[in-house]
Amino acid sequence: MLAAMSTPALRSSPQATAVSRDRGDACPGTLRLHAADDGALARVRVPGGVLTLRQARALADVAERLGDGDLHLTSRGNVQLRGLDGGCGGELAGLLDAAGLLPSRGHERVRNIVASPLSGLDGRGALDVRPWLTALDAALCASEAAQDLSGRFLFALDDGRGDVAGLGADVTVRATADGGAQVGLGVAGEALHVTAEEAARAALLASETFLEAARASGAQVWRVEELSLAEGELLDAVGRRLTAEGIRHERRGRETGHAEGPPPGVVGDGLSVHVPLGRLSVRQWRELTQVAAGELRLTPWRGVVLPTPRTRADESLARLAATGLVTDPGSPWLRVGACVGRPGCAKSQADVRTDAAGSLGAIAPHGLPLYWSGCERRCGHPRGDRVDVVAEPGGGYRLSTAVRGEEPRTTSMHDPARLAAALAEITS
């Protein structure tokens, strides 16, 4: 089925970066902890960002009992627990397993699925993606082949509004106005149109086809964009796999996404709040569980959507704002992000979270988002237009614009207090 992939590519895909690695994937999970400067780190995969109240309360208990007392949201809607004792792995796994957060030990790091967080709540999507989410997660956990996916491989389930379709997932399933779904690979190219009923199965088969292509290439690659193949070659292979599995499909042009999360406030039959720098105290987290009706939905933009009765919306927003969560859609916090920085990361050159928190007053009302990074790795940086603020080894920061279609503009900033002037220099 993949014979064509063994021949040299005649034309490289514009999205390919031709990456090959000489070591295995060290992405952390709940069974493989990462040793950070502030203790061990566990990354709990939360497919679609959806947590039952029981699961959410269990995570708060674990963070308080074994970790630093905070819950850290990631750019994929997952939860990180930090400050863990390196020897707590067995206890941690047992507590998460009891809460239903570890359905398969062989697949726990590959359950990377983002989903439109407002799906089914505001009436804007073409369909509710929850059935896709349930079906894809179950199919992933049942696939022996899928265990070989890297912890970085990402699925996106978009209800048609285009929010998570813009996140650059490896496999994106987007609902279409005709009641079907388009399955796309990476960030470019066409897509395969399938029925909504076959969408989750098609997504899994696409990921398994990627694994076959990666093995055939002889390179150790973790994501679709790293495969060096002729444009459309991988999609052709997925199409052949779908045909072999009896899934009817049609090749069509692909709709683009915009990678924008829900604004804070009342959103349909729910509430949306933003979490400054993605860090929640146990107190804040438990307040969320008190307000939510049935579940929490963590977003890839470090926010939380809470299904909530409309009759309690205003009261609930006031309660959440009182804990320090962002409920104002005009807050500058919506355009400031940061990696963990010092003291949590040994590679970081600065305490970027403290510097980022002090930067709010310097952000113009309609300026570009800022992402503060402690080193050149820029862990967790968002997609889309932004200003990267990267700590320099000798002190200070380097600012550079990352705007699609424009050449980067760069300047240095020795003192974070000069942020306003530095931003004016590169964005005016």
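In summary, Arg161 and Asp159 engage in a salt bridge, as defined by a charged side-chain N under 4.0 Å from a carboxylate O. Salt bridge status for Glu208 with Arg241: present, with a side-chain N to carboxylate O gap under 4.0 Å. Ionic pairing of Arg404 and Glu406 is not present here: no N-O contact between side-chain nitrogen and carboxylate oxygen is shorter than 4.0 angstrom. The pair Arg82-Asp68 fails the salt-bridge criterion, with no side-chain N (NZ, NE, NH1 or NH2) lying under 4.0 Å from an Asp/Glu carboxylate O.
Panel note: side chain Trp372, backbone Val390; no donor-acceptor pair is recorded below 3.5 Å. No donor-acceptor pair under 3.5 Å is formed between the side chain of Asp314 and the backbone N or O of Ser316. Side chain of Glu226 to main chain of Trp222: a donor-acceptor pair is present (N/O by atom type, distance under 3.5 Å, no hydrogens or angles). Proximity of a side-chain donor or acceptor of Trp333 to a complementary backbone N or O of Leu360 within less than 3.5 Å is not detected. Judged by distance alone, the side chain of Arg386 and the main-chain N or O of Gly384 form a donor-acceptor pair under 3.5 Å. A distance-only check finds a donor-acceptor pair linking the side chain of Asp170 to the backbone of Val224 [under 3.5 Å]. In this structure, the side chain of His381 does not engage the main chain of Asp388 through any donor-acceptor pair within 3.5 Å. Formation of a donor-acceptor pair under 3.5 Å by the Gln55 side chain with backbone atoms of Thr52 is found in this model. Under the 3.5 Å distance criterion, the side-chain polar atoms of Ser75 are left unmatched by any main-chain donor or acceptor of Pro382. Put simply, the side chain of Thr401 never gets that close to the backbone of Val403: no donor and acceptor are under 3.5 Å apart.
The distance from atom CG of Leu306 to atom CG of Leu288, rounded to the nearest 0.5 Å, is 5.5 Å. Distance check: Ser143 OG to Leu149 CG gives 7.5 Å after rounding to the nearest 0.5 Å. In this structure, OG1 on Thr172 lies 8.5 Å from CG on Leu157, to the nearest 0.5 angstrom.
For the pair Leu317/Val291, no side-chain contact is recorded, criterion being any heavy-atom separation below 4.5 Å from C-beta on.
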Where do Arg342 and Asp355 land on the salt bridge (charged side-chain N to carboxylate O under 4.0 Å, His left out) test, with the steps shown first? CA-CA 11 Å; Arg342 288 181 181 170; Asp355 289 341; over 6 Å; no
Pair Arg174, Gln182 - check side chain to side chain donor-acceptor pair (under 3.5 Å), show working. CA-CA 5 Å; Arg174 179 170 178 168; Gln182 59 175 209; 4.9 Å; no
I'd like to know whether Asn112 forms a side chain to side chain donor-acceptor pair (under 3.5 Å) with Arg45, so could you lay out the CA-CA distance, the side-chain angles of the two residues, the decisive distance to 0.1 Å, and finally the verdict. CA-CA 6 Å; Asn112 292 305; Arg45 265 60 176 193; 3.0 Å; yes
Would you check, one step at a time, whether the test side chain to side chain donor-acceptor pair (under 3.5 Å) holds for Ser116 with Asp163? CA-CA 6 Å; Ser116 298; Asp163 54 356; 2.8 Å; yes
Might you work through the side chain to side chain contact (heavy atoms under 4.5 Å, CB included) test for Ser272 and Val304, ending with a clear yes or no? CA-CA 6 Å; Ser272 171; Val304 186; over 6 Å; no
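Looking only at atom types and distance, the side chain of His249 has a donor-acceptor partner in the side chain of Thr243 under 3.5 Å away. Using modelled atom types and a 3.5 Å distance limit, the side chains of Thr30 and Glu108 yield a donor-acceptor pair.
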